[in-house]
Amino acid sequence: MKIETRVDETHRTVTCSLDGELDVHQVKGLKSTISETIHPGDWTYIIDLAKVGYLDSSGLGMLVYLRKEITRQGGRLQLLNVTESIRNVFSLTKLDEFFGLK
Amino acid sequence: MKIETRVDETHRTVTCSLDGELDVHQVKGLKSTISETIHPGDWTYIIDLAKVGYLDSSGLGMLVYLRKEITRQGGRLQLLNVTESIRNVFSLTKLDEFFGLK
Amino acid sequence: MPTPIPGPLSGARPRCTRLDMELTGHPRSLSLVRRILCTCAPPQTLSHQVLNDIQLAVTEACTNVIKHAFHHDPTRKYGLQVQVTADRYLIQVIYHDPTFDPATIPVPDLQHAREGGLGVFLIRHIMDEVEYLVDAATGTVTLRMVKFLAAPDDPGGQGENRNPSR
Amino acid sequence: MPTPIPGPLSGARPRCTRLDMELTGHPRSLSLVRRILCTCAPPQTLSHQVLNDIQLAVTEACTNVIKHAFHHDPTRKYGLQVQVTADRYLIQVIYHDPTFDPATIPVPDLQHAREGGLGVFLIRHIMDEVEYLVDAATGTVTLRMVKFLAAPDDPGGQGENRNPSR
Ligand SMILES: Nc1ncnc2c1ncn2[C@@H]1O[C@H](COP(=O)(O)OP(=O)(O)O)[C@@H](O)[C@H]1O
Ligand SMILES: Nc1ncnc2c1ncn2[C@@H]1O[C@H](COP(=O)(O)OP(=O)(O)O)[C@@H](O)[C@H]1O
């Protein structure tokens, strides 16, 4: 799993671009890495999934955790580039609405 | 298997760069593709193996065939960039000498 | 925003028709499992989307073995069996867990987003047959999953349980 | 011009310790077989060079099945079994060939470069044990190959038959 983080202080956005397969193996390390970037306050976190070829319930669980944690700290989470093959997992679990995907 | 062929008329050389795994599956099509580039006369054929990660007796058989055929037509064959993992196959079969690799 | 389901897998022919392997409980084995499922696919009758779904269901099954039965002990081992015919994809995950009772697996409440509890739900949704066979004498659990595949000339969906909205 | 043998394979642990699969005779299956052998490797005791050698020997064995036993019929099927322990890599290739007599396989003359006849030679050179078991009643041939692996703390070569010049 490769992760690239860009912080834009002006617009108060943090963009994490993930590259790899989001299963339980990758989620372990990733969850704490992304958690560390969460600032308190009105920040927008964008998780770019363009290069995530696989996502399962472990990946979903991490995204749910991050969204809740970011909201708790006053910010918001947006998912970017949800490809068709992983969109399926969001709609099956009715999490597309939770993440504002429809 | 990807194959890239460059013909240098001035120096009368043909360079074939191979990219892939030289097993019986790949050799089938490749043998005739390369054979078609053989011109009669004093030409030098260079087969660049830099990107050949795997070579077995089927690949060796093709190279032996090409060398004999090129020689018959008055040219010569040189192997370029024989990596350590495939060099092994040449030395085990004592073909390193035949191909001028030692 | 559904896009069309991509066509059948490229690659001329099925390559592996039956497979029986023993894997360690290291989570690294999961991506290996997904790669192997690709090679077992009968390309004529399997769309990318259905293969994705099967990879998802099997990964969820193996993840549960690693988490709940092995408690993340990477030295423990489990079995994976795959059998593919033109109309059926059968997968069995076999492991030792003498305390497991499949009847206790809760059905998730999809109204509230939670961080867990979706794995078995996904397996049941994707696969056409899902069965936990528990051998009480030995403590061996066999999770048996079947996906029916559409015949190559069937213009309809893939398998009986196919969600038409996808 | 020998370069040093690369160190043990990266990747924390062995992932697949036992494998039994059925493959079609399409030559495309050969690259799959090589990939699968990587995943069966016990990394602590296996150098890249020895894994390369094993991939070579097994590909030669499967190529012979496809060419000589199946006469390039891609619909026929053969079995591949792998069993890996810390000190031993066992591979069996199982197929149907009622006419096969291993005693007829010629030993190649390495003084003269020829286009064929090197596959079995390579298998015998690389593997520590090579046996063709023929069941005359059923026509089933089992090619059994073993490579002994060096213990992790053995500073010497890899396996008994290791060619010191490599
Ligand atoms: N193979 C298994 N062995 C033991 N318990 C299991 C197994 N699979 C599932 N369970 C139980 O079922 C519950 C739901 O599983 P699942 O839907 O995959 O969600 P999660 O793993 O995120 O909890 C688990 O929390 C666990 O208690
Ligand atoms: N599995 C097999 N079934 C039948 N004949 C075989 C088999 N393997 C090898 N042979 C015989 O042994 C010969 C030598 O095989 P090999 O060394 O692999 O070279 P090649 O396949 O290039 O001829 C073959 O030409 C064939 O006659």
Side-chain angles (χ1 to χ4, degrees), chain B residues 1-2 18-32 34-35 47 49-72 76-77 79-102, chain D residues 1-6 24-35 37-38 47-68 70 72 74 108-126 161-166:
Chain B
M1 175 60 63
K2 276 181 286 187
L18 307 182
D19 183 347
E21 307 193 328
L22 267 181
D23 64 11
V24 69
H25 182 41
Q26 302 300 342
V27 158
K28 265 179 158 180
L30 201 58
K31 193 170 158 179
S32 55
I34 301 184
S35 295
I47 299 197
L49 299 170
K51 291 186 179 156
V52 171
Y54 176 83
L55 177 130
D56 63 19
S57 73
S58 303
L60 279 181
M62 180 191 78
L63 294 176
V64 169
Y65 166 82
L66 290 175
R67 190 179 186 284
K68 288 186 173 176
E69 186 58 25
I70 287 166
T71 308
R72 204 180 58 78
R76 76 196 60 77
L77 174 77
L79 301 181
L80 200 67
N81 296 318
V82 178
T83 60
E84 187 63 16
S85 69
I86 64 172
R87 176 176 299 271
N88 188 27
V89 190
F90 288 94
S91 46
L92 284 179
T93 54
K94 308 264 188 284
L95 285 169
D96 40 5
E97 215 159 323
F98 180 69
F99 286 107
L101 296 176
K102 68 168 197 182
Chain D
M1 196 199 326
T3 62
I5 291 172
T24 67
H26 195 285
R28 193 190 295 276
S29 68
L30 299 172
S31 79
L32 167 65
V33 165
R34 290 192 292 274
R35 303 274 160 308
L37 292 174
C38 292
S47 72
H48 275 285
Q49 182 62 57
V50 174
L51 179 60
N52 278 351
D53 283 354
I54 293 175
Q55 288 178 317
L56 177 59
V58 178
T59 303
E60 297 291 351
C62 298
T63 301
N64 280 344
V65 173
I66 291 172
K67 287 195 320 191
H68 303 299
F70 292 177
H72 297 278
D109 169 12
L110 296 186
Q111 298 309 309
H112 299 93
R114 290 187 310 131
E115 290 167 39
L118 294 170
V120 176
F121 167 80
L122 286 169
I123 297 172
R124 291 200 196 276
H125 192 94
I126 290 167
N161 208 6
R162 190 75 196 148
N163 184 333
S165 73
R166 275 180 277 160

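Sequence lines set the chain letters: A, B, ... in the order given, protein chains first and strands last, and positions in each chain run from 1. Remember, predicted model here, so these are calculated numbers, not experimental data.
With values rounded to the nearest 0.5 angstrom, B:M62 atom CE is found 4.5 Å from B:I34 atom CD1.
Salt-bridge annotation for B:K31 and B:E69: absent, with no side-chain N of the basic residue lying under 4.0 Å from a carboxylate O of the acidic one.
Per-residue counts of heavy-atom pairs under 4.5 Å with chain B were compared for D:T63, D:L56, D:N52; the largest is that of D:L56. In terms of heavy-atom pairs under 4.5 angstrom with chain B, the leader among D:L30, D:T59, D:I66 is D:T59. With respect to chain D, the highest number of heavy-atom pairs below 4.5 Å among B:T93, B:V89, B:L95, B:L63 belongs to B:T93.
For B:F98, the part sitting under 4.5 Å from any heavy atom of chain D is the side chain, from C-beta outward, and nothing else. Of the atoms belonging to B:K102, not a single heavy atom falls under 4.5 Å from chain D. Within the 4.5 angstrom heavy-atom criterion, only side-chain atoms of B:Y54, from C-beta onward, approach chain D. Of the atoms belonging to B:D56, heavy atoms from both backbone and side chain fall under 4.5 Å from chain D. Within the 4.5 angstrom heavy-atom criterion, only side-chain atoms of D:R34, from C-beta onward, approach chain B. Both the backbone and the side chain of D:L110 come within contact range of chain B, each with at least one heavy atom under 4.5 Å from a heavy atom of that chain. For B:I86, no part lies near chain D; criterion is any non-hydrogen pair under 4.5 Å.
What you find for D:P74 and D:T24 is that their closest heavy atoms are O-CB, 3.5 Å. The minimum heavy-atom distance linking D:Q55 with D:C38 is given by the pair NE2-SG, 3.2 Å. B:K68 and D:A113 make their closest contact through NZ-O, 2.8 Å (heavy atoms, listed as atom of the first residue, atom of the second, distance). Pairing each heavy atom of D:E60 with each of D:G119, the nearest pair is OE1-CA, 3.4 Å.
Shown here is B:K28, whose NZ atom has no more than 12 heavy atoms of other residues, nucleotides or ligands within 6.0 Å.
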